Amino acid sequence: MDLVQDADWSKGAAYIDGQVMPVAEAKIPITDWGYRRSDVTYDVVGVYYGSFFRLDEHIARFRRSMQELRMEPKESDAELRQILIDLVRRTGLREAYVAMDCLRGRPPRGVPFHPAFAKPYIAAFAIPWVWLFTEEQQARGVHAIIAKTPRIAPESVDPTVKNFHWGDLTKALFEAEEAGAETAFLLDQAGFLTEGPGYNCFAVIDGTVVSPPRGALLGQTRDSVYELCQELGIPHDIRPISKAELEDADEIFMSTTAGGIMPVSRLGTRILGNDRPGPISATLRETFWKKREQGWHATPVNYDKAPA
Ligand code: PLP
């Protein structure tokens with residue numbers, strides 16, 4: 001039996017260093033430094049309504065992350081773009097979560113044990129769409145806390161290089177669970193807002209949508225929020241947000257690829273507004289998905305064309 005021929009591609013398709021396989025068969029070596037040292041960078045792009053969103057921006061951010069980590073896999077940006085499109089075509093999925101990783105690999109035996117001697121390579125996959133928070137949670141507003149765990153310093157691990165150093169974020173998620181909440185926002189060592197596990201954070205303060213200038217990934221969805229604010233005439237700013245300002249904000253919301261714009265209705269013991277998404281958060285969320293449906297920043301997937 002030809003496993004690849006008979007595979008159920010609708011569950012997902014993967015690409016590892018030149019080979020394509022069903023996602024369930026995709027494996028990386030256990031000795032890879034991508035796994036053993038978290039020496040890996042990645043990006044995630046969404047497909048919704050049959051189109052990629054901001055595909056070229058995601059690839060550009062991924063390339064910059066790889067360059068920062070001195071990783072140079074064999075694929076060009078144009079090749080990577082085609083690989084991702086072909087993976088989605090193969091699955092036939094109109095709503096997909098598409099990940100691209102660059103792993104360090106492992107230095108060969110007999111040379112100094114140093115990352116410079118490894119050969120980084122690409123692993124990518126497309127699987128059915130994943131929501132970071134359910135549609136019900138988003139509609140009623142997510143319940144969050146401010147974590148006691150601070151975000152790892154950007155001087156140690158640069159948050160603008162998308163990474164899996166998730167120790168602080170994971171710890172914060174357990175703090176949230178213990179507090180009966182669903183997620184947690186992390187502050188930096190000086191007590192200013194950074195980001196949360198898998199998303200950027202925004203506060204609405206005196207009618208202005210604000211998000212921190214440092215300590216967080218430069219999110220593609222965050223850029224989209226600022227574009228929408230511009231278009232809708234909503235005042236917006238990028239500036240530090242103190243813990244006290246966050247606790248007192250009129251509205252709070254989060255942004256990420258796997259969820260879009262996600263309102264918050266509780267912060268610790270505080271109930272925001274009516275225990276429902278605030279008006280600015282709700283308008284941004286609604287407009288975001290409406291524009292997505294209309295082809296905003298879209299790269300449509302041609303499902304009729306067989307993958308190469
Ligand atoms: N911050 C972190 C830590 C993330 O992991 C993510 C996305 O996975 C984001 C922010 C949001 O980035 P984007 O909107 O580009 O998905």
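Position 1 is the first residue of the sequence, and the numbers go up from there. All values below were derived from every heavy atom in this structure, side-chain atoms included, with hydrogens, water molecules and symmetry-related copies excluded. The structure displayed is predicted, hence computed values, not measured ones.
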Trainee: Going by the side chain to side chain contact (heavy atoms under 4.5 Å, CB included) test, name the single residue among V44, I83, L80 that passes it with M100.
Mentor: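 Of the listed residues V44, I83, L80, the side chain to side chain contact (heavy atoms under 4.5 Å, CB included) partner of M100 is L80.
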
Trainee: I need the minimum non-hydrogen distance between V157 and I152, along with the two atoms involved.
Mentor: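 Closest pair (atom of V157, atom of I152, distance): CG2-CD1, 3.7 Å.
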
Trainee: Using only atom types and a distance under 3.5 Å, with no angle test, would you say the side chain of T91 pairs donor to acceptor with the backbone of A13?
Mentor: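 No.
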
Trainee: Is the shortest side-chain N to carboxylate O distance from R89 to D86 below 4.0 Å?
Mentor: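 Yes, charged N to carboxylate O under 4.0 Å.
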
Trainee: Identify, with sequence neighbours excluded, every residue that meets salt bridge (charged side-chain N to carboxylate O under 4.0 Å, His left out) alongside K291.
Mentor: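 By the salt bridge (charged side-chain N to carboxylate O under 4.0 Å, His left out) rule, K291 matches E231.
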
Trainee: Work out which heavy atom in R63 is nearest to a heavy atom in P73; give both atom names and the distance.
Mentor: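 Where R63 meets P73 most closely, the heavy atoms are NH1-CD, 4.1 Å.
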
Trainee: Taking transitive links into account, so neighbours of neighbours count too, which hydrophobic residues share a cluster with L132 at under 4.5 Å side-chain distance?
Mentor: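 Via sub-4.5 Å side-chain contacts, L132 links to F133, V142, I146, F185, L187, L193, Y199, I205, V210, I241, L246, I252, M254, M262, V264, L267, L272.
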
Trainee: Relative to the ring of Y42, is the ring of F164 parallel (under 30°), tilted (30 to 60°) or perpendicular (over 60°)?
Mentor: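 The arrangement is parallel - the two ring planes meet at less than 30°.
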
Trainee: Mind jotting down which residue pairs meet the salt bridge (Lys or Arg N to Asp or Glu O under 4.0 Å) criterion with at least one end in residues 241-252? Sequence neighbours excluded, please.
Mentor: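 Counting only pairs at least two positions apart or across chains, the salt bridge (Lys or Arg N to Asp or Glu O under 4.0 Å) contacts touching residues 241-252 are R239-E245, K243-E247.
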
Trainee: Under the rule for salt bridge (charged side-chain N to carboxylate O under 4.0 Å, His left out), what residues qualify as partners of E57, not counting sequence neighbours?
Mentor: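 E57 satisfies salt bridge (charged side-chain N to carboxylate O under 4.0 Å, His left out) with R54 once adjacent residues are dropped.
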
Trainee: Indicate whether any N or O donor in one side chain lies under 3.5 Å from an N or O acceptor in the other, for E227 and H297.
Mentor: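 Yes - a donor-acceptor pair under 3.5 Å links their side chains.
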
Trainee: Among all residues two or more places apart in sequence or in another chain, which pass the salt bridge (charged side-chain N to carboxylate O under 4.0 Å, His left out) test with R106?
Mentor: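 Partners of R106 under the salt bridge (charged side-chain N to carboxylate O under 4.0 Å, His left out) test: none.
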
Trainee: Kindly confirm or rule out a cation-pi arrangement of R292 over F53, judged by NZ or CZ under 6.0 Å from the six-membered ring centre and within 45° of its axis?
Mentor: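 Pair R292/F53 counts as cation-pi.
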
Trainee: List the residues meeting salt bridge (charged side-chain N to carboxylate O under 4.0 Å, His left out) with D275, not counting sequence neighbours, and say none if there are none.
Mentor: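 Testing D275 for salt bridge (charged side-chain N to carboxylate O under 4.0 Å, His left out), a comparison that skips the adjacent residues, returns R266.
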
